[in-house]
Structures are given as structure tokens and as C-alpha cells.
S.K.: 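Quick one: structure below, then a few questions.
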Amino acid sequence: MSLTGFTRTRVAPDHALLTPDTFIRAPLPGWHHTACIVHIAPELGARFKMYTVEMQPGGSGEMTLLDIQRFAYVLEGEVALEVDGARHALGAHHFAYLPANTPHRFTAQSPARMIIFDKPYQALAGAEMPGVVLGYEPDVPSSPLMGDEALQVRLLLPDNFSFDMAVNTMTFAPGAHLSLVETHVMEHGLLFLQGGGVYRLGDHWYTVQAGDVIWMASYCPQWFGALGKTPSKYLIYKDVNRHSLELLS
Ligand code: UGY
Ligand code: MN
């Protein structure tokens, strides 16, 4: 309960920091016995949707829209995923990518939380359609970002032109930081998984911590420095591998 009217949440034209004290829960089509917290959406200026689903045991989720691909990352609890006639058990840190127009159903086996990224798929002439991807984040090999061993990146989706989105984790050793103020055409949706530090977004510096969500619009200058004595880690979405000239038509 806020008695002061204070929050770290900030919404600007090219970025947003959304902290858990300001989250609002609501139903969404396709999700049953599930509360949804929409963090990032076209209403904010984004070209994708990022939301948390809080599922009761037996709660379920399906795709109700055409041509929308989905990436789901389990934060907590046990979830069964039925897709292509098979049933998969997903626990914390398991993830699933469902290509557009792939019927599927998530069913919570316990109280469960997942973070979801939904995005219209942009097919590319000459590239194969992507397939279903399932994985467990700790099993994905990591590599240093730009040669910095203190900053490890895991690519959760294959790095090829079939995919028009990437979802990665980035783990910063205490004191590690991005080596430049990145300013790029890709937009981001980010969830802090652990630790915290200082995030520069545009001309603002924010303290951030586990549970926070950040939206970075295309070209939003961005930099992060990790604070504390334990590693900091975030899950980060970006759009990749496509020309954006269709936005002109
Ligand atoms: O992949 C990225 O663009 C990433 N390095 N950005 C970020 O962490 N803000
Ligand atoms: Mn970036």
C-alpha cells in the first residue's frame, strides 16, 4: 500500500521503468484462471506485448490470435505444455517458443508464474519458418559480450534468419557494466531476474532491482552497471533480423 504516492515507476516517450508496486492484474483472452499483468504493449508505443501470467493450479493459456508468435519463460511453479501432440513438463527457468499459428495449451500444475512475449511474426522470403523451441536456461551455453568475461550472454533462441525476435539472458558479475551507451534500432523488453544496479535510459539514471520491467524504444540510449556483491541478471527481448521498411507502407 502506498501512503506516500512515491514509486520508482517512470513512463517516458522512449522508455519505461515499471516496478512491481504499480502492477495491475486483469484477465486476457485465451488465459483462464490466470491473472495477467501487461507490462509492455502497443499502447505504450511498442511493437510487441510483454506480460506476466499468474496461473492458479489448473489455469490455462492458449493463443487466440492469428500470426502471433509466443515466447514463454517459467519464473515459478510447474506448467504442462501441450503442442504438436506431445506434453512437456516445464519448471522454473524452462522456456518455450511457439511459432505463429501453432496451436498449444499451457496448464498450471501448481501456482505458477510465467513471463510472455507475444509478437506478430514477419515471414522472410527464402527463410524457413521457425519450429517449436524448448529449453532450460541454465543448460544454454553462455558467451562473453564483446569479449568481457564479466558479462555473460545466453541466446535462448537460434541465431538465424528464420527468427525475427531474440530472447537472451545477461548475467553481470558485481561491478560489470555495458561497455558503451548502446543506441540501436532494436527495441527491448526486459525483466530483472536477480540483483540490481543503475540503468541509464535516455538522459535518466534509475536504480533497478529484481522484479522490475523496462521497455526501451528503438534508439533509446541504454547502459547498465551492476551493483552489490552478487551477480545481476536479466531476461531481455529484442526484434532482430528484418528490414523495417514495411513500417513505411
Ligand atoms: O542485446 C542487447 O542489445 C543488449 N546488450 N542490450 C542491453 O542489455 N540493454
Ligand atoms: Mn541493447
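Just follow the structure's listing: the first ligand is 1, and inside any ligand the first atom is 1. Positions are given from 1, in the same order as the sequence printed here.
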S.K.: For ligand 1, which atoms, with element, lie under 4.0 Å from some heavy atom of Ile236?
M.R.: 6 (N), 7 (C), 8 (O), 9 (N)

S.K.: Is there a donor-acceptor pair closer than 3.5 Å between any side-chain N or O of Thr107 and the backbone N or O of Ala80?
M.R.: no

S.K.: Report whether any nitrogen, oxygen or sulfur of Gln222 sits less than 2.8 Å from the Mn ion (ligand 2) (N, O or S, backbone or side chain).
M.R.: yes

S.K.: Quickly, which of Glu137, Arg154, Gln152 forms a side chain to side chain donor-acceptor pair (under 3.5 Å) with Thr169? Name it, please.
M.R.: Glu137

S.K.: Looking only at side-chain N and O atoms, does His15 offer a donor or acceptor that is under 3.5 Å from a partner on Tyr206?
M.R.: yes

S.K.: Judged by modelled atom types alone, do Asp118 and Tyr51 share a side-chain donor-acceptor pair under 3.5 Å?
M.R.: yes

S.K.: For ligand 1, which atoms have a heavy atom of Met170 less than 4.0 angstrom away?
M.R.: 4 (C), 5 (N), 8 (O)

S.K.: Of all the N, O or S atoms in His184, which has the shortest distance to the Mn ion (ligand 2)?
M.R.: NE2

S.K.: Which ligand 1 atoms, with their elements, are less than 4.0 angstrom from a heavy-atom of Tyr234?
M.R.: 7 (C), 8 (O), 9 (N)

S.K.: Is any side-chain N of the basic residue among Asp239 and Arg47 closer than 4.0 Å to the acidic one's carboxylate O?
M.R.: yes

S.K.: Checking Gln222 against His184: is there a side-chain donor and acceptor pair closer than 3.5 Å?
M.R.: yes

S.K.: Could you check atom 5 (N) of ligand 1 against the protein and tell me its nearest heavy-atom contact, residue, atom and distance included?
M.R.: Glu182 OE2, 2.7 Å

S.K.: Any idea which atoms of ligand 1 are less than 4.0 Å away from a heavy-atom of Tyr199?
M.R.: 7 (C), 8 (O), 9 (N)

S.K.: Under 4.0 angstrom from ligand 1, any heavy atom of His184?
M.R.: yes

S.K.: Please determine if Arg113 and Glu54 form a salt bridge, counting it only when a charged side-chain N lies under 4.0 Å from a carboxylate O.
M.R.: no

S.K.: Go through ligand 1 atom by atom and flag the ones less than 4.0 Å from a non-hydrogen atom of Lys238.
M.R.: 1 (O), 2 (C), 3 (O)

S.K.: What is the name of the N/O/S atom of Glu182 that is nearest to the Mn ion (ligand 2)?
M.R.: OE1

